[in-house]
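Here's the structure, in C-alpha cells; my notes come after.
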Amino acid sequence: MIGDITGNRRTPAMAYWLFKTEPDTYSIDDLRQEQRCGWEGIRNYQARNRLRDEVKKGDQVFIYHSSCKVPAIVGLAEVVRDAYPDPTQFDPEAPYYDPKSDPDAPRWLRVDVAYRRHFPHPVTLRDIKADPTLAGMELVNRSRLSIQHVDDDIASRLLKRLG
DNA sequence: GCCAACGTTGGC
DNA sequence: GCCAACGTTGGC
C-alpha cells in the first residue's frame, strides 16, 4: 500500500524528510559534535502529526538551515528512534515549555536523529527555487512547516547535487 | 528590521 | 464553528 486517503505514508519503505533548524540555535555542526540528539521543540500540530504517524526509524533526513544568511540544505541525518513525548514541554526552564500540556497526555513529540554527513555542495533555497525539478518542494510553497516530506525522485536529485 | 504568509486563540 | 486579532516564521 502506498498511502491512505489522508495522504499518510503506510509503506514500510524508507522515506526522506527535510527538518528545518536555525543554525544559531542548533546547527548541523552541533549535530556532528553530539552525533545524536532528540529533535525537540516541534510546536506545530501538522509537524507533530507527521512525527507521530509518518516519520520512522531508518528514514533519512535532509538538514536545512533557516533564518540565516544563506538558507540551504547542508547535511544528512537518520531517524534512529520513533516519536516519543518531548520532555522539554514539561520543563519550565526550557524555551519550549508548554504549561498546557498534560503529562498524562503529552501534546508534543520528538524523534531522535543521528548525524550522517555534511554535504560538500550545500543546495541553497535560491538554487531550489531556480530549478524547476526542485521548485515543487514543500520548502518553496509550505515554508513554515518544520517537518517536510521529500519525494524519492527529488531526494535522489538532491543527493546528486549535494555531492 | 520589514513584512507577507501562515498558525493559533478566543469571543461571540 | 466562524473569524478577527494576534503571534510567529523566515526570506529578503
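Lettering follows sequence order; numbering is per chain, from 1. The figures that follow rest on heavy atoms only: side chains count, while hydrogens, waters and symmetry mates do not.
- Protein atom OH of A/Tyr96 is 13 Å distant from nucleotide atom C1' of C/dT8, rounded to whole Å.
- You'll find that the side chain of A/Tyr64 is closest to C/dG11, out of C/dG11, C/dT8, B/dT9.
- Nucleotide C/dT9 holds its C1' atom 12 Å from the CG atom of A/Leu145, rounded to whole Å.
- Taking every side-chain heavy atom of A/Asn44 into account, B/dG7 is the closest of B/dG7, B/dT9, C/dC12.
- In this structure, the CZ atom of A/Arg107 is 17 Å from the P atom of B/dG7, given to the nearest Å.
- The separation between A/Arg142 atom CZ and C/dG11 atom C1' is 18 Å, rounded to whole Å.
- Here the two rings, on A/Trp108 and A/Tyr84, have centers that are 6.0 Å apart or farther.
- Residue contacts for A/Ser67: at a heavy-atom cut-off of 4.0 Å it reaches a base atom on one of the strands shown.
- Interatomic distance, A/Ser146 OG to A/Leu51 CG, rounded to the nearest 0.5 Å: 7.5 Å.
- Atom CD in A/Gln148 sits roughly 13 Å away from atom P in B/dC6 (whole-Å rounding).
- To the nearest angstrom, C1' of B/dG7 lies 15 Å from CZ of A/Arg50.
- For the pairing with A/Phe19, the ring pair (Phe, Tyr, Trp, His ring centres under 6.0 Å) check across A/Trp39, A/Phe62, A/Tyr64 returns one residue only, A/Trp39.
- Atom C1' of nucleotide C/dG11 and atom CG of A/Asp127 are separated by 15 Å, given to the nearest angstrom.
- Comparing C/dG7, C/dG11, B/dT9 by their nearest atom to the side chain of A/Lys100 picks out B/dT9.
- Distances shown here put a side-chain N or O of A/Lys129 below 4.0 Å from the OP1 or OP2 atom of C/dC12.
- Regarding contacts with the backbone of B/dC6, every side-chain N or O of A/Tyr45 stays at 4.0 angstrom or more from both OP1 and OP2.
- Atom P of nucleotide C/dT9 and atom NE2 of A/His65 are separated by 17 Å, given to the nearest angstrom.
- Defined by atom type and a distance below 3.5 Å, a donor-acceptor pair is present between the side-chain atoms of A/Asp127 and A/Thr124.
- Taking a cutoff of 4.0 Å between a charged side-chain nitrogen and a carboxylate oxygen, A/Asp102 and A/Arg107 do not qualify as a salt bridge.
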